[in-house]
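Atoms within each ligand, like the ligands themselves, are counted from 1 in listed order.
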Amino acid sequence: MATTPTNNRGTWNSKFGFILAAAGSAVGLGNIWRFPTEAASNGGAAFLFIYIICVVLIGLPVMIAELSIGRSTQKNPVGAFKALSSNKFFPLVGFWGVLCGVMILSFYTVIAGWTFSHVFVEIFTFTGLEGAANVLADFDNGFVNAAFALLFMGLTIAIIRGGVSEGIERATKLMMPLLIVILVVMAVYVMFQPGASEGLEVYLKPDFSLITGELVLAAMGQAFFSLSLGMGALITYGSYLSKKENLVEAASYVTLADVGIAFLAGLLIMPTIFLAQAQGVEIYNEAGEFLAGPALIFQILPELFVQMGGLVGLALGVSFFFLLSLAALTSTISLLEVPTSYIIDEYGVRRKKAALYVGLFVLIISLIISFNTALIDSIDFIFSVIGLPLGGLLICIFIGYFWKTRSAIDEIKQGFKDVRDSWFTTIWSIFIKFICPIIIIIILAQTLMG
Ligand code: PFF
């Protein structure tokens, strides 16, 4: 179904193209790396269970909220808040989103660079070029980090310069199916390995006694990060969407794709961890804690691939890191699109120039991070752990008490004629006005106190 361009900002070519692009933004390192490692360190199935609740109760309503703001104004996050209210505070919320986009992209690019460099680490390891593999695998080597961050940012800028339908939509239409195929093939292969069932059990058999306050915090943070919420990415993507489309349906597909792929990634990673342990790979540190985070992805898994040896090890190793790189690229695109659309709309700069300038600006920060990787944790804490839920909270308050849910429902109605008569209107309004803000405030307060 082709959409009608309403201005020269660009539009999605089809609803399917939009869903793939938005799912591409959502599906990223957050799904294939962060979700399985959070699940592994937080009781497996218990985490999965709470995560799904957070996605349904908070993620989906906030996603619909962002899309309605974007589609209604057809503007970037700053311009959108300016267009909908004369209140001077809310454009700052949009600006906070743009800033979060810039800062998350700056460290995300470095980690994405690591995933891409590991494609070569695997090749070098299996072809006996240990020396070259060790150079690339050394995260303390700022020059290697910088080179791969540069490469990744270059690819991202090139896609964004291509525009909404010719750049973002075309690239994600190519990458997302490839990503799904690699993930499914790898998960099926790993699940049928002897010894994988222990991992599957931990992942799928919930032990509710493992649910703690900390687990709930982790699950909600993960939901915001994974669904790309709270920084206006979906305001921006929604701004290119035709009035004919049903926002509730589109948001549901994107959410389903994101959760589905995170679930699949868990089916791949959880058994893999146990396979690795069975092969004698150390999965706990000296303090007896589970080796989550970078150690799991860049140490435990490659060791397992080496132990598997031969062509199978090589194929698994290369596919795994290529999969991570693809997932990362469809997300860096959306992270760069937010500040780029801000510069295009608010300063009248042409897309090609805007993407280049913003990309180079973010790259400077990425280069600093490349030589000081310890900065990643603090930037992640401020701009994603706190920044995204805070952005989501302010978006709910804006819709609930300033723009009003009634106006948002009018926008949604354009592509969903019977929305007023459906249960959706009442439930969604209650969620946006009360339930989401209250839950987010409690969780933010707990995070800050912790
Ligand atoms: N959702 C992405 C992931 O799961 O890796 C990360 C992300 C992309 C966060 C875009 C925020 C965003 F706007």
Side-chain angles (χ1 to χ4, degrees), residues 20-39 51 54-55 59 62-63 66-67 69-70 76-77 93-94 96-115 152 156 159-160 168 172 175-176 179 183 218-239 251 254-255 257-266 269 293 297 323-342 358 362 376 379-392 395:
L20 273 192
S25 165
V27 173
L29 298 174
N31 300 60
I32 297 167
W33 165 353
R34 204 160 139 163
F35 174 80
T37 55
E38 288 280 0
Y51 177 68
C54 288
V55 164
V62 174
M63 185 181 291
E66 283 204 26
L67 289 178
I69 294 178
N76 69 91
V93 175
W96 172 248
V98 172
L99 184 65
C100 286
V102 165
M103 296 310 292
I104 294 175
L105 179 58
S106 68
F107 75 80
Y108 202 95
T109 307
V110 176
I111 302 179
W114 291 345
T115 66
F152 222 88
T156 309
I159 295 170
I160 292 294
I168 305 176
T172 43
M175 291 191 278
M176 287 301 283
L179 177 150
L183 185 57
M220 163 151 126
Q222 173 62 20
F224 266 94
F225 187 82
S226 185
L227 292 169
S228 305
L229 296 175
M231 53 156 273
L234 287 148
I235 294 182
T236 310
Y237 272 22
S239 75
V254 174
T255 305
D258 188 63
V259 174
I261 291 187
F263 178 72
L264 257 176
I269 306 278
I297 297 295
L323 166 74
L324 275 172
S325 307
L326 276 181
L329 187 55
T330 54
S331 298
T332 53
I333 295 171
S334 69
L335 285 161
L336 183 60
E337 179 61 18
V338 174
T340 301
S341 73
Y342 165 64
V358 179
V362 180
I376 293 179
I379 301 178
D380 180 37
F381 183 76
I382 299 170
F383 296 99
S384 51
V385 177
I386 301 292
L388 299 183
L390 180 64
I395 288 170

Checklist entry - So which of N31, L326, L324 actually passes side-chain contact (heavy atoms from CB on, under 4.5 Å) with L179? => result L326

Item to check | Residues Y108, S384; criterion side chain to side chain contact (heavy atoms under 4.5 Å, CB included); working and verdict | outcome: CA-CA 11 Å; Y108 202 95; S384 51; over 6 Å; no

Next on the checklist: Can you tell me how far apart CD1 (I395) and CG (L390) are? Round to the nearest 0.5 Å.
Outcome noted: 10.0 Å

Checklist outcome for this item: Rounded to the nearest 0.5 Å, the OG1 atom of T37 sits from the CG atom of L29 at a distance of 10.5 Å

Checklist entry - Considering only the protein, which heavy-atom contact is closest to atom 13 (F) of ligand 1, and what is its distance? => result M231 SD, 3.0 Å

Checklist entry - Looking only at atom types and distance, does a side-chain atom of S331 sit under 3.5 Å from a main-chain N or O of V27, one as donor and one as acceptor? => result yes

Item to check | Under 4.0 Å to a heavy atom of L335 - the qualifying atoms of ligand 1, by number | outcome: 8 (C), 10 (C), 11 (C), 12 (C), 13 (F)

Checklist outcome for this item: Looking only at protein heavy atoms, what sits closest to atom 10 (C) of ligand 1 is S228 OG, 3.3 Å

Next on the checklist: The test is side chain to side chain contact (heavy atoms under 4.5 Å, CB included); show your working for E337 and I168 and say whether it passes.
Outcome noted: CA-CA 9 Å; E337 179 61 18; I168 305 176; 3.7 Å; yes

Checklist entry - So is I104 in contact with ligand 1, going by heavy-atom distances below 4.0 Å? => result no

Item to check | Worked verdict on L105 versus T332 for side chain to side chain contact (heavy atoms under 4.5 Å, CB included) | outcome: CA-CA 6 Å; L105 179 58; T332 53; 3.7 Å; yes

Checklist entry - Which ligand 1 atoms, with their elements, are less than 4.0 angstrom from a heavy-atom of S331? => result 2 (C)

Next on the checklist: Do S25 and Y237 have side chains that approach each other closer than 4.5 Å (heavy atoms only, starting at C-beta)?
Outcome noted: yes

Item to check | S334: numbered ligand 1 atoms lying under 4.0 Å from its heavy atoms | outcome: 10 (C)

Item to check | Nearest protein heavy atom with distance in Å, relative to atom 1 (N) of ligand 1 | outcome: F225 O, 2.8 Å

Checklist entry - Hey, which atoms in ligand 1 end up nearer than 4.0 Å to a heavy atom of G30? => result 3 (C), 4 (O), 5 (O)

Checklist entry - Can you find a pair of side-chain heavy atoms, one from L388 and one from L229, that are under 4.5 Å apart? => result no

Checklist entry - Among protein heavy atoms, which sits nearest to atom 5 (O) of ligand 1, and what does the distance come to when rounded to 0.1 Å? => result Y108 OH, 2.5 Å

Checklist entry - Does S25 come within less than 4.0 Å of ligand 1, judged by its heavy atoms? => result yes

Checklist entry - Starting from atom 4 (O) of ligand 1, which protein heavy atom do you reach first, and at what distance in Å? => result A26 O, 3.0 Å

Item to check | Numbered atoms of ligand 1 (with element) below 4.0 Å of A233, judged on heavy atoms | outcome: 13 (F)

Next on the checklist: Taking 4.0 angstrom as the limit and counting only heavy atoms of L29, give me the atoms of ligand 1 inside it, by number and element.
Outcome noted: 5 (O)

